[in-house]
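One structure is given below, encoded as structure tokens.
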Amino acid sequence: QVQLVESGGGSVQAGGSLRLSCAASGRTINRYAMGWFRQAPGKEREFVAAFLRSSSYTRYADSVKGRFTISRDNAKNTFYLQMDSLKPEDTGVYYCAADSGIILSSIFESRHWDYWGQGTQVTVSA
């Protein structure tokens, strides 16, 4: 079992930055795929970014490409989402996810991920 705990959410004005953290426990994450999803009120959970175990395969949603960066620190068993140039449409609850066996073609759908954090709120004001 893997337990994930997000932190770093908050309120920021458009154009600002936030860095989300996802601390893992129960297993070392260096062999896990790690991802970030978000959910706005009244909308479905959507893919934001992810990388597979090797971190060679990294994918971003088109809406965040060039503004968000996903990274990991295996020594701390933690991975991150650096969010720059934030927009009001980035507002939502952000969730981190982990999976040991997910394949690249499945990372975009939340139903394929096994482990989830509790979520952290990000609010971007205009």
Q: Report, as yes or no, whether the 6.0 Å neighbourhood of atom CD on Gln1 holds more than 12 heavy atoms from other residues, nucleotides or ligands.
A: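 Result for CD/Gln1: open.
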(Q) For the CZ atom on Arg27, are there more than 12 heavy atoms of other groups (residues, nucleotides or ligands in this structure) within a distance under 6.0 Å? (A)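 Not more than 12 within 6.0 Å, no.
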Residue pair [X] / [Y]: nearest heavy atoms and the distance that separates them:
X      : Y     : answer
Phe79  : Ala97 : CZ-O, 3.7 Å
Glu6   : Tyr95 : OE2-CA, 3.2 Å
Leu86  : Arg67 : CA-NH1, 3.8 Å
Ala126 : Ala14 : CA-CB, 4.3 Å
Met34  : Ile70 : O-CD1, 3.8 Å
Val64  : Val48 : CG2-O, 3.6 Å

Q) Parallel under 30°, tilted from 30 to 60°, perpendicular over 60°: which one fits the rings of Phe37 and Trp113? A)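 Ring orientation, 0 to 90° scale: perpendicular.
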Rounded to the nearest 0.5 Å, how far does [atom2] of [Y] lie from [atom1] of [X]?
X      : Y      : atom1 : atom2 : result
Leu52  : Ile102 : CG    : CD1   : 8.0 Å
Asp114 : Tyr32  : CG    : OH    : 8.5 Å
Asn74  : Lys76  : CG    : NZ    : 12.0 Å
Tyr80  : Cys96  : OH    : SG    : 12.0 Å
Arg45  : Arg38  : CZ    : CZ    : 13.0 Å
Met83  : Thr69  : CE    : OG1   : 11.0 Å

Q.
Contact between Val124 and Glu89 at the side-chain level, heavy atoms closer than 4.5 Å - yes or no?
A.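 Side-chain contact under 4.5 Å: no.
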Q) Is any side-chain heavy atom of Val5 less than 4.5 Å from a side-chain heavy atom of Gln118? A)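 Contact flag for Val5/Gln118 side chains = yes.
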Q. So, the side chain of Arg72 versus the backbone of Ile29: is there a donor-acceptor pair under 3.5 Å, distance only?
A.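 Confirmed, Arg72 side chain pairs with Ile29 backbone.
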Q. Do the side chains of Phe51 and Ile103 join up, straight or via other hydrophobic residues, at under 4.5 Å, putting them in one cluster?
A.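 As far as the 4.5 Å side-chain criterion goes, Ile103 and Phe51 are not connected within one cluster.
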Output a table of donor-acceptor pairs, distance under 3.5 Å, between side-chain atoms of residues 17-26 and any protein atom two or more places apart or on a different chain; print 'none' if there are none.
from: Ser17; atom 1: OG; to: Asp84; atom 2: OD1; distance (Å): 2.7
from: Ser25; atom 1: OG; to: Gln3; atom 2: OE1; distance (Å): 3.4

Q) Do NZ/NE/NH1/NH2 and the carboxylate oxygens of Lys87 and Asp90 come within less than 4.0 Å? A)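 No, this pair does not count.
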